[in-house]
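To find a chain, count down the sequence lines: A is the first, B the second, and so on, and within it residues start at 1.
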Amino acid sequence: MPVSSEKGYDHQKIESKWRKVWEKSKLFQGQYLQEQELDEVNSENQRPRSEDRDLPFSHENKCYILPQLPYPSGSGLHMGHSEGYVACDMYARYKRMTGKKVLQAIGWDAFGLPAENYAIKTNVHPRINTDNAIANFREQIKSLGISVDWDREVGSHNPDYYKWTQWFFLLMYKRGLAYRKEQSVNWCSSCKTVLANEQVVDRKCERCDTQVIQKNMEQWYLKITKYADRLSKDLDKVDWPEESIIRQRDWIGRSEGAEIKFSIKGTSKSIKIFGTRADTIFGATFIVLSPENPLVKEITSAKQQKEVDAYINQSSKKTELERIRQDKDKTGVFTGAYAVNPVNNREIPVWTADYVLMSYGTGAVMGVPSHDKRDFDFAGKFNIPIIHVVARSDLLPRSFLMGADDITDEDLKKIGVKISARTKDGDRKIEIPEKSLQKYEKLITEKLIPGYWNEYVGAETVFIFKHKDGSVQRIELTPETEKKIDTLASKFAGENFNNGCVWKWLADNDWYKNVIVHEEYGILINSGEFSGLGSIEGRKKIIEKLESEGKAEFTVKYKLRDWSVSRQRFWGAPIPMVYDSKGDLHPVDEKDLPVILPDDVDFKPTGQSPLTYSEKFQDGVEKKYGKGWHREVDTLDTFMCSSWYYYRYLDPRNDKEFASPEVLKRWMPVDFYIGGPEHVTGHLLYSRFFTKVLYDAGYIDFDEPFLFHRHQGMILGADNKKMSKRWGNVINPIDVVKEYGGDTARMYLMFMGPLTADKPWNTNGVVGVRKFIARLYKLALGNIGKTKAQSPVNLKVLLNKTIKAVSSDCENLKFNTSVAKFMEFVNEWEKSPKGLSLEDLEIFLKILAPFAPYITEELFQKVKEARVDSNADVKNRSSAVNEKVSNGSLKGKDHFISIHVQSWPEYDQALVKDETVDIAVQVNGKLRVVLRDHRVGSLQEEIEKEAKEQVKKHLDGKTPKKVIYIKDRLINIVV
RNA sequence: GCCGAGGUGGCGGAAUGGCAGACGCGCGGGUCUCAAAAACCCGUCUUUAGCAAUAAGGGUGAGGGUUCGACUCCCUCCCUCGGCACCA
């Protein structure tokens, strides 16, 4: 099986050779050192480039490429990550060759729960495990030929890194953005720590899958909510996948609405509700307070006291899960109080129910069952009236004809009334155009059977009662008249009117039910002076009116909550705060950073922070600050470490600043960021928050860190399931690299499909790429021996087309189709007995270089040596390097001309233009014939004549009605 | 329930209004070989007719629409995946 032993192409030998050379010659390094002027080496010597592509540095010319900070887990880099790193690297290599100043770096998100949990299990210090994992990751990254600048490598668990994580915390603290408060938090009883909302997935701990419970605790928070508005709006500034922008916006959950005051009958108290649908206020038939709302206790009547207390008590005991289980089954208790609707003075009952959350809005809502699903369910359960106040703008006044046997369909048709449906009993549902309303009322008045009533629903709901004596009563439905209508209706319908409430009666009619929920773009009905207005306009007018009366104000609310950042764990950056003897908080002085994480800690979880028990940690605190002083013992959420790492890459050894103003200006913001979609509502949000805080504090002059962002898809197992130990379908890139080579692994990862799609791994597919590279190697070696002066025209043309296609694919991250293009070229080349000229071979190697860095370097050096026109110096240097590599004497300062610092080939415009084309001939849009090898730019007459000749039998002797000619592509003859 | 992405051969996928299935895998046949592997060559959406070259028809989740022409644009529905989930 070992393909590596197949004749000719030995990837292990080739790849390990070039890895060594690149590393020793610091091909992709040194930039940082130069920037810091720590190295006197002449940059020409250090980073030799071909021709004059080494453009001076400018902001337009820089390209900061950022692969997502990996979490170095014990099981190593997996295929899913690899795809992101490979894609970044291909882009970086491509950009570098087009003359951009590229910065690509790597680091380690080294703190965190899994390492600590593993440490607990094995009783080995997390630092040891983590450093081992990092060493492993480093090897994996290197084996995939990722061209990062290793001088910039950082690890978040190193004091010179977390010093600045702590600095960021202090910056937040000084700016009033870090604070402590007690509130209900997500608690994982297995990890024994608090979790951020973002770390709770499906109500479970994202790390260990334990059900998360709610617990009241005092915790550190960052006031990210202060930035909610900007975080939401500034998403306009970035080029991210649209769906991710939407997802982050939804997470922030900005919604515009109003706070509206409802006074409480018989008291001077009032309830402030928050709602986005003030337009539906005429439909409010109850108020709901969250059980946690303190107002509940104040307003509850003596009679309801016991019941309400019991309910509050019961709901406080409910876990989050129990509340969810009752999703469909609403619970609640009447408080005995009534609120007064400020728009129509309607008195409506005040309830308390746990479907209203205290943590959002004001902890109180107005219940509008006609236009809100939850209110509808609640009203249904507790028999609360339902008033329809928004109608779809396209629906005419409607009615339902009963007791109207004397009215024929003809009668209705005559006055323009449309029958939209019939019930089983033959009753008719009708639509009444506005202009027919009067005629319709007349018809009803005349022909309705005495003892029946009819109601129609339009801008207002109108009831027409025909008494047994033939007299007619017309009543519009308003809060004032509804009682009267109820009375009449029960008199008329008797037992049939068993709801005893006209609103309920209306809602039970099914066409009414269908429009009961949200209808944003509807027309207000049954809404007094606002009837007839559009929903959005009506909403504005209603709020404005209430505002003028001091009863409402426009408000914006967010779903986003403040970020909980303290963790009762060991393996994280200590929070740089100290408590004095009274328990008051003081920040650690910046010059005393970092607060070192001690190594002498028993990290077994007890629910108390392990640092509580470290003597070393508190050592010297009392001496420095005073008796009774002690350090904060919680550590920071690891997401704080990863919220700013891209700044540290720019200046990783700076011990005065997190990064110098000069390098920040030079490199930021990030031009190209690839990472997983799982970070949209976590890391990406936090990083944007950090950046905005830095901006406000004057450290930077931009307020979005990642201008361009794309997600790599997930690599699934061969069985189409998520790669996981559980399914035994995990593929380790290191195995693939060993067996098939880094070039093959890279190219296959791209070849599998579009970058952003989820794709199953197929080891059989790898073979195809491997064959391609082996074939290329064999072909190229044969070709070099031949040293052709000129490539055959067809190859020359195809080569130029390939350059064009690959260039555009690289710009657009469509690496999958590039790989296909390379294969097509090699297929064609293989068929050509004459082979390629060395010059063209070199060009082909160059465009393949970002994809397959090893094999192209190997072949490029061979071509260089063989090229008759290459200068002796280059040739000598190349051979010298090769020799030094083989005898192991290569030193850092040695250099060679690498393919990876060559300039990207340009294609010849003239050559990519086809001289002949195939023209498709369609008859009635159906393909019939293809005219091969036609001259480019043929006129219609010419083509039409030939086409008609060729498809004669399909024309059936008919004369064409129409001929569509698309130049150089297609002709369609319509008969 | 709501929001988002997607549905194309046996499989991964290509084609963003103009020749559907590029490229690769798999499969079938062949060359080489004592044999096998490797390598290379030919074929491979499907139905019907034909010994065959070939010819005619159908086909991109389903149905409708726009267009000379639709995998591609519009509407309705179905299915899969991801996210959110009492956020008023």
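Look at A/Lys962 and you'll find a side-chain N or O under 4.0 angstrom from OP1 or OP2 of B/C68. Residue A/Asn816 has no polar side-chain atom (N or O) positioned under 4.0 Å from OP1 or OP2 of B/G12. Within the 4.0 Å cut-off from OP1 or OP2 of B/C25, at least one side-chain nitrogen or oxygen of A/Lys771 is found. For A/Ser255, a side-chain nitrogen or oxygen approaches OP1 or OP2 of B/A88 to under 4.0 Å. Here A/Tyr355 does not reach the OP1 or OP2 of B/A88: none of its side-chain N or O atoms lies under 4.0 Å away. The phosphate of B/G58 has OP1 or OP2 within less than 4.0 Å of a side-chain N or O from A/Lys926.
Nucleic acid contact for A/Glu243: sugar-phosphate only, since backbone atoms but no base atoms lie under 4.0 Å from a heavy atom of the residue. At the heavy-atom level, A/Asp918 lies under 4.0 Å from base atoms of the strands shown. If you check every strand for non-hydrogen atoms under 4.0 Å, A/Val974 touches sugar and phosphate atoms only. Within the nucleic acid shown, A/Ile246 comes within 4.0 Å of sugar-phosphate atoms alone, with no base atom in reach, counting heavy atoms only. Within the nucleic acid shown, A/Pro677 has no heavy atom closer than 4.0 Å to any nucleic acid atom. Across all strands, A/Asn972 comes closer than 4.0 Å to base atoms (heavy-atom distances). Residue contacts for A/Arg928: at a heavy-atom cut-off of 4.0 Å it reaches the sugar-phosphate backbone alone, with no base atom in range. Heavy atoms of A/Lys814 sit under 4.0 angstrom from primed sugar atoms or phosphate atoms, though from no base atom.
For A/Gln922, counting side-chain heavy atoms from C-beta on, the closest listed nucleotide (B/G18, B/A88, B/G26) is B/G18.
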Inset, instruction - Would you sort out whether A/Arg254 and A/Glu256 count as a salt bridge (Lys or Arg N to Asp or Glu O under 4.0 Å), showing the intermediate values? - result: CA-CA 7 Å; A/Arg254 181 181 200 277; A/Glu256 289 176 11; 2.8 Å; yes

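Side-chain to base pairing of A/Lys330 with B/C86: one donor and one acceptor N or O lie within less than 3.5 Å of each other.
With A/Tyr311 contributing its side chain and A/Asp354 its backbone, the two residues share a donor-acceptor pair below 3.5 Å.
The existence of a salt bridge linking A/Glu243 and A/Arg247 is excluded, since no basic side-chain nitrogen approaches an acidic carboxylate oxygen closer than 4.0 Å. With respect to A/Asp239 and A/Arg710, a salt bridge is recorded, a charged nitrogen being found less than 4.0 Å from a carboxylate O.
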